[in-house]
Protein chains: 2
Amino acid sequence: MAEPSGRTFSETDEEIMKATYRALREYGYADLTIKRIAAEYGKSTAAIHYHYDTKEELLAAFLDYILNRFVASIREIETTDPEQRLTVLLDKLLVAPQENPDLSVALLEMRSQAPYNEAFAERFRQNDEYVRYLVKAVINHGIDENAFADVDADRVTRSLLTIVEGARTRSVVFDDVSEYERARATAEEYVDATLRRVDA
Amino acid sequence: MAEPSGRTFSETDEEIMKATYRALREYGYADLTIKRIAAEYGKSTAAIHYHYDTKEELLAAFLDYILNRFVASIREIETTDPEQRLTVLLDKLLVAPQENPDLSVALLEMRSQAPYNEAFAERFRQNDEYVRYLVKAVINHGIDENAFADVDADRVTRSLLTIVEGARTRSVVFDDVSEYERARATAEEYVDATLRRVDA
DNA sequence: CATTTTTGACTGACTAGTTAGTAAGTTCGG
DNA sequence: CCGAACTTACTAACTAGTCAGTCAAAAATG
């Protein structure tokens with residue numbers, strides 16, 4: 001499984017990414033302008049255009065930047081016990097957005113643009129594939145170790161990610177962080193009903 | 001439980017709503033302009049402004065229009081058997097967007113704007129409350145009739161709606177209509193695990 | 001080693017295009 | 001002939017992107 005975008009950023013590029021990040025959290029995606037990114041960067045708009053020809057190019061780079069960080073954060077998981085590992089993984093998927101609501105809002109805006117922006121679509125798709133790969137691996141590992149019931153790992157993975165996605169969207173639309181807590185409970189219930197072995 | 005917005009539309013207003021609907025499906029929310037709505041309406045932009053002072057006002061009216069239609073479509077359900085009724089209800093929630101992908105995309109865009117637009121937020125919230133009320137009523141009815149196990153109806157309802165929301169978002173972001181089918185299966189599994197009485 | 005040249009990273013001023021919204025005048029049915 | 005439903009023409013604001021020129025530091029040159 002290919003890791004998503006091994007792209008690296010120069011120090012200057014990273015500062016622009018950070019400026020974009022701040023502008024995005026402050027104004028949201030719909031009201032994100034080069035001018036505002038430049039203001040956060042502390043330079044002129046032409047300075048931004050010097051590094052990135054178009055806004056689209058910059059935003060594609062930004063998605064690489066932010067999704068790389070996200071992937072790095074879930075790759076940190078060290079636990080090897082399948083059951084625990086699955087819990088930690090779901091936690092990461094649900095707690096990260098909870099801790100940064102403004103970014104979650106902006107990311108949903110960007111996700112909603114995927115149908116109009118192939119660069120966005122590709123990056124989100126690749127990220128999702130990677131997350132799916134990780135979750136599925138944990139489940140398969142659990143099945144192998146007889147910790148989980150012999151389920152269709154792909155199917156269970158997709159169900160869990162649908163629950164996660166639902167919680168993300170609802171927390172943004174209804175401005176309700178408790179959706180994450182609820183989703184964790186739902187996922188837990190779902191895991192209990194499908195994965196938990198009774199013989200344990 | 002208050003029914004969402006009993007707002008009515010004059011014939012002229014309805015034509016503008018239909019024009020907005022077409023423009024939205026064609027260009028998406030981010031690229032929706034008064035000019036484009038006017039073009040679909042077949043009149044000048046000033047004609048639109050004659051009926052709606054601001055774009056925001058028009059879009060709030062449009063949300064009333066489209067959410068009213070949605071509510072009307074789920075109020076049609078006649079089945080009384082709780083189990084069947086729940087299935088039909090979930091079907092409506094999942095099949096409607098499947099049959100109109102362009103609108104689903106635009107609606108996700110609008111949902112993602114809720115944090116910046118109180119009028120949007122209020123309408124989506126009200127709509128969600130109504131749907132939640134309906135689903136919860138079916139579940140409670142099923143519990144009363146001993147068709148379902150004695151669960152926390154509110155909790156189960158929220159879980160089901162999270163699954164529905166997740167499927168909607170994923171189908172838009174990943175341009176994959178099969179997410180709905182999968183979500184239906186997940187919901188079914190979830191219902192089986194939590195609601196189905198073994199004694200039946 | 002001193003000087004010239006090149007280059008990377010910018011700035012300030014600009015353009016062309018688009019946007020929501022306005023104002024004044026026109027058309028037309030009851 | 002009045003008022004509802006427009007039209008045409010406009011404005012002010014904002015947008016991404018361009019362009020010519022600046023400036024310091026690195027590289028090349030004599």
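What you see is a predicted model, and the numbers here were worked out from it, not measured in a lab. Per chain, numbering begins at 1; letters A, B, ... match sequence-line order.
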Between [X] and [Y] (side chain of the first, backbone of the second, donor and acceptor by atom type, cut-off under 3.5 Å), is there such a pair?
| X | Y | result |
| --- | --- | --- |
| A:Ser112 | A:Glu109 | yes |
| A:Arg123 | A:Ala119 | yes |
| A:Lys92 | A:Ser73 | yes |

| How would you list, by chain and number, every residue that makes a side chain to side chain donor-acceptor pair (under 3.5 Å) with B:Ser159, sequence neighbours excluded? |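 So B:Ser159 forms a side chain to side chain donor-acceptor pair (under 3.5 Å) with A:Thr186, B:Tyr190.
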| query | Of the residues in residues 33-51 of chain B, which ones touch DNA chain C at a heavy-atom distance under 4.0 Å? | reply |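 Under 4.0 Å from DNA chain C: B:Thr33, B:Ile34, B:Ala46, B:His49.
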| request: Scan residues 114-122 of chain A against DNA chain C and write down, sorted by residue number, each residue with any heavy atom closer than 4.0 Å; if none is found, say none. | output: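 Output list: empty, so none.
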| query | First and last nucleotide of DNA chain C touching chain B, 5' to 3', heavy-atom cut-off 4.0 Å? | reply |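 For DNA chain C, the relevant span reads C:dT19 to C:dA23.
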| query | For B:Tyr52 and D:dC6, what is the distance between atoms OH and C1' respectively, to the nearest whole Å? | reply |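 Computing the B:Tyr52:OH to D:dC6:C1' distance gives 16 Å.
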| Atom CG of A:Asp31 to atom C1' of D:dA13: distance rounded to whole Å? |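 Taking CG of A:Asp31 and C1' of D:dA13, I get 14 Å after rounding.
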| field | Pair B:Arg170 + B:Asp176, salt bridge at N-O below 4.0 Å | value |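 Looking at B:Arg170 and B:Asp176, the cut-off is not met.
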| Is the shortest side-chain N to carboxylate O distance from B:Lys43 to B:Glu15 below 4.0 Å? |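 Between B:Glu15 and B:Lys43 there is no salt bridge, as every charged N stays at least 4.0 Å from the carboxylate O atoms.
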| field | Criterion side-chain contact (heavy atoms from CB on, under 4.5 Å) against B:Asp152, the qualifying member of B:Val156, B:Asp154, B:Asp150 | value |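 Of all the options given, the one that passes is B:Asp154.
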Exercise answer: donor-acceptor pairs, residues 95-102 of chain A side-chain atoms, under 3.5 Å, sequence neighbours excluded:
from	atom 1	to	atom 2	distance (Å)
A:Asn100	ND2	A:Tyr21	OH	2.6

| Atom CZ of A:Arg69: over 12 foreign heavy atoms under 6.0 Å |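 Not buried by this count: 12 neighbours or fewer within 6.0 Å.
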Under 3.5 Å donor-acceptor pairs involving side-chain atoms of residues 22-33 of chain B, not counting sequence neighbours:
from	atom 1	to	atom 2	distance (Å)
B:Arg22	NE	B:Glu40	OE1	3.0
B:Arg22	NH2	B:Glu40	O	3.0
B:Thr33	OG1	B:Arg36	N	3.1

